[in-house]
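Encoded as structure tokens, the structure appears first; notes follow it.
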Amino acid sequence: MAVPLLQTLRIGLYVMRQHFSGAKRYPLVLMMEPLFRCNLTCAGCGKIDYPDSILNSRISVDEALASIDECPAPVVVMAGGEPLLHREMDQIVKGAIARKKFVYLCTNALLLEKKIDLFEPSPYFTWTVHLDGNREDHDKAVSREGTFDQAVAAIKLAKAKGFNVNINCTLFNNADAGRMAEFFDYAHSIGVEGITISPGYAYERAPDTEHFLNRRNTKDLFRKLFSLGKGRKWVFTQSSLFLDFLAGNQTYQCTPWGNPTRNVFGWQRPCYLLGEGYAKTYKELMEETDWDSYGVGKYEKCADCMVHCGFEATAVSDTLSNPLKAARVALFGPRTDGPMAPDLPLEGQRPAVNNYETLLSQNLTRLEAEGRTNNLQRVSQG
């Protein structure tokens, strides 16, 4: 695992306290989206399909830190959109670190070289650079040539300045296991400490919805990839049982409250990937969301999802309940042959509901009532 010892101990103690206190629901990671605006238009992204009045909105420093104080999660992931377009992102990060939160700033790295001196190396801070494969694969995924080389240059600069750097890699159904294996070797050769890996989620508003993985294809791809990884020194930032789940060896249900999301609309129900409504406070999100309505076999939109923000918390809980199983997978790696664990049945799941237009109208009305679309502090364009 690529998680530093301090973080491992702090998170481990937090999880054990929650687990042994009998807490039914508790967060591991706060997903903070300070803005939706991005400087790329990736074909598989469903996060940027909003009018300019929303794309130009942002969460203020005070709002962001208040939300961090609301949510007890030990880890805060700054996502988006592109967080470095937020001109006060450094202040949000500093405030989170002052609260002893472990901060991961997700970025496509196009602005990293320009903004890097606003940040300081810290055991509580990690750059997470979005790279979806080698030069050809990544540039195609983000729909712009040259982004791979810019990201690699930024990674090398960040390493030279003493920062922790991981990469975030999303795989689609056109991913080739052999090319990905070569890419992982290369990533570690340039000093990347760890890899966060996940199958792409089928955003319903994404420009390209043809290349998302279904569950069987996800398992087949990751089995091939992990088989090629045997004997190589790849380091992942995820639990061993989540990786085993990707390889089809665990039957898991989603834990959507494990990674609650805060964005310009409020607290997103039920998770980072599905916008089915919004709560005003973290407490309202946790106590008033109909969690039982979501998950594999419960809701059609969840049927093919195997993404880390939904299932990592499930794997962590299973690790506490079955430490020997987790240790065995950590030692020997995910099993890459033999029968797969059964899937959760999909019969009886409620049909998908297209509520984008309704929620957009509601959120625009609320933001206008609050004066947030009339007096916008424009995000920095770099």
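Along the sequence shown, residues are numbered consecutively beginning with 1.
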Inset, instruction - Please determine if Arg335 forms a cation-pi arrangement with Phe226, meaning its NZ or CZ atom is less than 6.0 Å from the six-membered ring centre and no more than 45° off the ring axis. - result: no
Inset, instruction - Check whether any side-chain N or O of Asp132 sits under 3.5 Å from a backbone N or O of Asp137 as a donor-acceptor pair, and report yes or no. - result: no
Inset, instruction - Identify the two heavy atoms, one from Pro339 and one from Asn249, that lie closest to each other, and give their separation to 0.1 Å. - result: O-OD1, 4.5 Å
Inset, instruction - For Glu276 and Thr289, run side chain to side chain contact (heavy atoms under 4.5 Å, CB included): C-alpha distance rounded to whole Å, both residues' side-chain angles, the deciding distance at 0.1 Å, then the answer. - result: CA-CA 10 Å; Glu276 299 278 313; Thr289 301; over 6 Å; no
Inset, instruction - Of all the heavy-atom pairs spanning Ala326 and Ser240, show the shortest one and how long it is. - result: O-OG, 3.0 Å
Inset, instruction - In plain terms, say whether Asp90 and Lys115 are close enough for a salt bridge, that is, a side-chain N and a carboxylate O under 4.0 Å apart. - result: no
Inset, instruction - Might you point out which heavy atoms bring Asn355 and Lys301 nearest each other, and give the distance in Å? - result: OD1-NZ, 4.1 Å
Inset, instruction - Taking only Lys NZ, Arg NE, NH1 and NH2, and the carboxylate oxygens of Asp or Glu, determine whether Glu193 and Lys159 approach each other closer than 4.0 Å. - result: yes
Legend entry - Phe242 and Phe245 aromatic ring geometry - parallel, tilted or perpendicular at 30°/60° bounds: tilted
Inset, instruction - Look at the rings of His138 and His130 and say which category their plane angle falls in: under 30° parallel, 30 to 60° tilted, over 60° perpendicular. - result: perpendicular
Legend entry - Shortest non-hydrogen separation from Thr218 to Met306 and the atoms involved: CG2-SD, 3.7 Å
Legend entry - Side-chain donor/acceptor of Glu300 to backbone N/O of Ala352, under 3.5 Å: yes
Legend entry - Sidechain N-carboxylate O distance under 4.0 Å for Arg262, Glu70: no
Inset, instruction - Indicate, with yes or no, if Leu324 and Val329 share a hydrophobic cluster defined by side-chain heavy-atom contacts under 4.5 Å among Ile, Leu, Val, Met, Phe, Trp and Tyr. - result: no
Legend entry - Over 12 foreign heavy atoms within 6.0 Å of NZ, Lys224: no
Inset, instruction - Please report the shortest heavy-atom distance between Pro74 and Pro27, naming the atom on each side. - result: CD-O, 4.2 Å
Inset, instruction - Report the relative orientation of the aromatic rings in Trp234 and Phe236; use parallel for angles under 30°, tilted for 30 to 60°, perpendicular for over 60°. - result: perpendicular
Legend entry - With Leu346 via side chain to side chain contact (heavy atoms under 4.5 Å, CB included) - residues at least two apart: Val296, Ala303, Gln349
Legend entry - His19 side chain vs Ser321 backbone, donor-acceptor pair below 3.5 Å: no
Inset, instruction - Return yes if a side-chain donor-acceptor contact under 3.5 Å exists between Ser239 and Glu312, otherwise no. - result: yes
Inset, instruction - State which residues pass side chain to side chain donor-acceptor pair (under 3.5 Å) with Arg144; sequence neighbours excluded, sorted by chain then number. - result: none
Inset, instruction - Determine whether the aromatic ring centres of Trp127 and Phe125 lie less than 6.0 Å apart. - result: yes
Legend entry - Over all atoms of both residues, closest heavy-atom pair of Pro83 and Leu35: CA-CD2, 4.0 Å
Inset, instruction - Determine whether more than 12 heavy atoms belonging to other residues, nucleotides or ligands lie under 6.0 Å from atom CZ of Arg232. - result: yes
Legend entry - Check: Pro342 main-chain N/O paired with Thr251 side-chain donor or acceptor under 3.5 Å: yes
Legend entry - Neighbour count >12 (heavy atoms, 6.0 Å) for atom CD, Glu284: yes
Inset, instruction - Ignoring hydrogens and angles, tell me if any N or O in the side chain of Ser227 forms a donor-acceptor pair with the backbone of Arg223 under 3.5 Å. - result: no
Legend entry - Trp291 (side chain) donor-acceptor with Thr255 (main chain) under 3.5 angstrom: no
Legend entry - Check: Thr126 side chain, Tyr104 main-chain N or O, donor-acceptor pair, under 3.5 Å: no
Legend entry - Verdict with supporting geometry, Gln238 and Thr196, side-chain hydrogen bond (donor to acceptor under 3.5 Å, both in side chains): CA-CA 7 Å; Gln238 294 139 306; Thr196 300; 5.0 Å; no
Inset, instruction - Taking the six-membered ring for Trp and the full ring for Phe, Tyr or His, determine whether the centres of Phe311 and Tyr252 are under 6.0 Å apart. - result: no
Legend entry - Lys230 NZ: over 12 foreign heavy atoms closer than 6.0 Å: yes
Inset, instruction - Evaluate side chain to side chain contact (heavy atoms under 4.5 Å, CB included) for Leu28 paired with Val15, printing each intermediate quantity in order. - result: CA-CA 8 Å; Leu28 282 178; Val15 170; 3.4 Å; yes
Inset, instruction - Please name all residues satisfying side chain to side chain donor-acceptor pair (under 3.5 Å) with Trp257, sequence neighbours left out, ordered by chain then number. - result: none
Legend entry - Audit row: Asp220, Arg216, salt bridge (Lys or Arg N to Asp or Glu O under 4.0 Å) steps and yes/no: CA-CA 6 Å; Asp220 288 340; Arg216 179 63 196 220; 3.2 Å; yes
